Amino acid sequence: MATIMYLAVAFVLGRGSVVFVEIAAATTFTFMNGCQNELWVGIQANAGIPLLAEGGFALAPGNKSSVVAEAGWGGRFWGRTGCVFDAHGIGSCQTGDCGGVLKCAGAGGAPPASLAEFTLNAANGDDFYDVSLVDGYNMAIRITPSGGKGACGVPGCTSNLNTHCPAALQVMSATGSVVACKSACAAFGTPQYCCTDAYGSPTTCLPTPYSKVFKSACPTAYSYAYDDASSTFTCTGANYQISFCTACGFHVGCLVFILSQSFASFLCCLWPTLTMSVVTYVVIYAV
């Protein structure tokens with residue numbers, strides 16, 4: 001579990017006593033690259049909160065890397081793909097770019113990007129976390145807590161949505177392959193899809209055929225702005241692993257990922273991929 005620190009406070013009560021007061025714990029985030037290729041982790045802290053790892057770093061296939069966040073930290077993580085940087089960390093990424101730099105330094109990722117979002121030590125000391133596709137999808141991602149107390153669910157999007165992305169939402173590479181899947185808000189910019197104006201409340205902004213594609217593939221991830229009921233998770237005193245490309249092919253990076261997980265986790269990762277095709281085609285032809 002997360003490292004718990006104690007503060008000894010002495011009180012003069014009769015013969016005297018020492019009271020140990022538990023204070024909030026630091027949390028370790030471990031990033032796992034289950035992808036075939038190198039990826040570049042992006043990190044953005046919420047306003048007024050310290051930045052971690054200068055905002056980003058490279059992660060080779062099959063490798064892990066960890067950062068430690070102090071109590072009360074909040075922000076988001078995402079994976080960047082197709083990046084090229086020079087010796088000074090200047091360059092660009094095909095997806096998830098944060099201003100053309102390796103160290104995002106507080107900047108967010110350009111949509112579409114699959115997000116892992118956290119608020120630590122919030123109400124009742126709980127961590128709140130989710131996987132969000134509200135900004136679109138660029139790669140499979142999953143959050144796995146360890147050592148915590150409470151429900152401590154495992155949200156994620158382990159399906160490869162790029163292979164089933166509706167044509168209107170596709171982001172294409174120079175070679176003609178789909179490298180990301182936009183949100184309907186980014187693609188069309190209308191209040192119905194962006195949950196704004198007359199659609200700016202949970203009662204008026206409802207699932208659309210496009211958000212249903214995301215939700216059918218990734219039931220535990222946010223598919224649109226008001227998708228809270230099945231997409232927000234809590235845990236107390238945990239550390240977290242953020243895994244990328246958990247629905248990967250049979251290559252070295254994926255093999256390392258599979259061997260590092262339980263068999264149940266592997267099935268959880270594989271099942272959405274097996275069922276995705278039928279669900280997507282049914283929904284798309286209903287649009």
Side-chain angles (χ1 to χ4, degrees), residues 28-70 73-118 131-143 157 160-162 165 169-183 185-187 189 240-246 248 251-254 256-257:
T28 300
F29 293 107
T30 299
F31 303 89
M32 170 67 194
N33 182 1
C35 305
Q36 184 173 8
N37 300 310
E38 185 174 24
L39 65 81
W40 292 259
V41 176
I43 306 173
Q44 183 184 36
N46 293 340
I49 293 178
L51 185 63
L52 303 178
E54 300 181 81
F57 53 89
L59 191 59
N63 283 13
K64 291 183 178 182
S65 184
S66 298
V67 298
V68 176
E70 296 301 320
W73 190 86
R76 53 176 51 180
F77 306 108
W78 70 97
R80 294 172 283 168
T81 63
C83 301
V84 178
F85 297 108
D86 64 18
H88 303 288
I90 306 299
S92 64
C93 297
Q94 191 173 52
T95 71
D97 191 70
C98 59
V101 291
L102 170 61
K103 305 288 189 179
C104 295
S114 314
L115 304 175
E117 302 178 312
F118 288 86
V131 165
S132 175
L133 306 180
V134 175
D135 286 349
Y137 169 99
N138 71 327
M139 65 195 313
I141 186 170
R142 183 173 62 179
I143 300 171
C157 184
N160 185 355
L161 276 170
N162 290 337
C165 183
L169 308 184
Q170 293 176 358
V171 176
M172 309 297 291
S173 71
T175 59
S177 61
V178 179
V179 294
C181 193
K182 297 178 184 178
S183 68
C185 175
Y240 299 91
Q241 178 165 297
I242 295 92
S243 304
F244 299 99
C245 295
T246 53
C248 46
H251 47 71
V252 174
C254 186
V256 172
F257 169 78

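Quantities reported herein were computed from a predicted structural model and do not represent experimental measurements.
- Under the 3.5 Å distance criterion, the side-chain polar atoms of Gln44 are matched with a main-chain donor or acceptor of Gly106.
- Side chain of Asn138 to backbone of Gly79: a donor-acceptor contact under 3.5 angstrom is found.
- Summarising the geometry of Arg80 relative to Val101, their closest heavy-atom pair is NH1-O, 3.0 Å, with the distance given to 0.1 Å.
- In this structure, Phe244 and Phe31 have parallel ring planes: the angle between them is below the 30° cut-off, well short of the 60° mark.
- Closest heavy-atom contact between Gly42 and Cys104: CA-SG, 4.2 Å.
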>> side-chain contact (heavy atoms from CB on, under 4.5 Å) for Ile242 and Trp78? Distances and angles first, verdict last.
In response: CA-CA 9 Å; Ile242 295 92; Trp78 70 97; over 6 Å; no

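- The two residues Ala180 and Asn162 have their closest heavy-atom pair at CA-OD1, 3.2 Å.
- Counting only distance, with no hydrogens or angles, the side chain of Arg76 and the backbone of Ala116 share no donor-acceptor pair below 3.5 Å.
- Ile43 and Leu52 get closest at one heavy-atom pair: CD1-O, 3.6 Å.
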> For Val131 and Ile143, what are the C-alpha separation, side-chain angles and deciding distance, and is it a side-chain contact (heavy atoms from CB on, under 4.5 Å)?
Replying inline: CA-CA 7 Å; Val131 165; Ile143 300 171; 3.8 Å; yes

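- Shown are Phe118, Phe57, Tyr240; of these, the ring pair (Phe, Tyr, Trp, His ring centres under 6.0 Å) with Phe77 is made only by Phe118.
- With Trp73 contributing its side chain and Pro50 its backbone, the two residues share a donor-acceptor pair below 3.5 Å.
- Of the possible polar contacts, none joining the Asp97 side chain to the Ser92 backbone as a donor-acceptor pair under 3.5 Å is found.
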>> Would Leu115 and Asp135 count as a side-chain contact (heavy atoms from CB on, under 4.5 Å) here? Give the steps.
In response: CA-CA 8 Å; Leu115 304 175; Asp135 286 349; 3.5 Å; yes

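- Counting only distance, with no hydrogens or angles, the side chain of Gln241 and the backbone of Thr30 share no donor-acceptor pair below 3.5 Å.
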>> side-chain contact (heavy atoms from CB on, under 4.5 Å), that's the test. Do Leu133 and Ser114 meet it? Break it down for me.
In response: CA-CA 5 Å; Leu133 306 180; Ser114 314; 4.2 Å; yes

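- Disulfide criterion (SG-SG under 2.5 Å) for Cys35 and Cys245: met.
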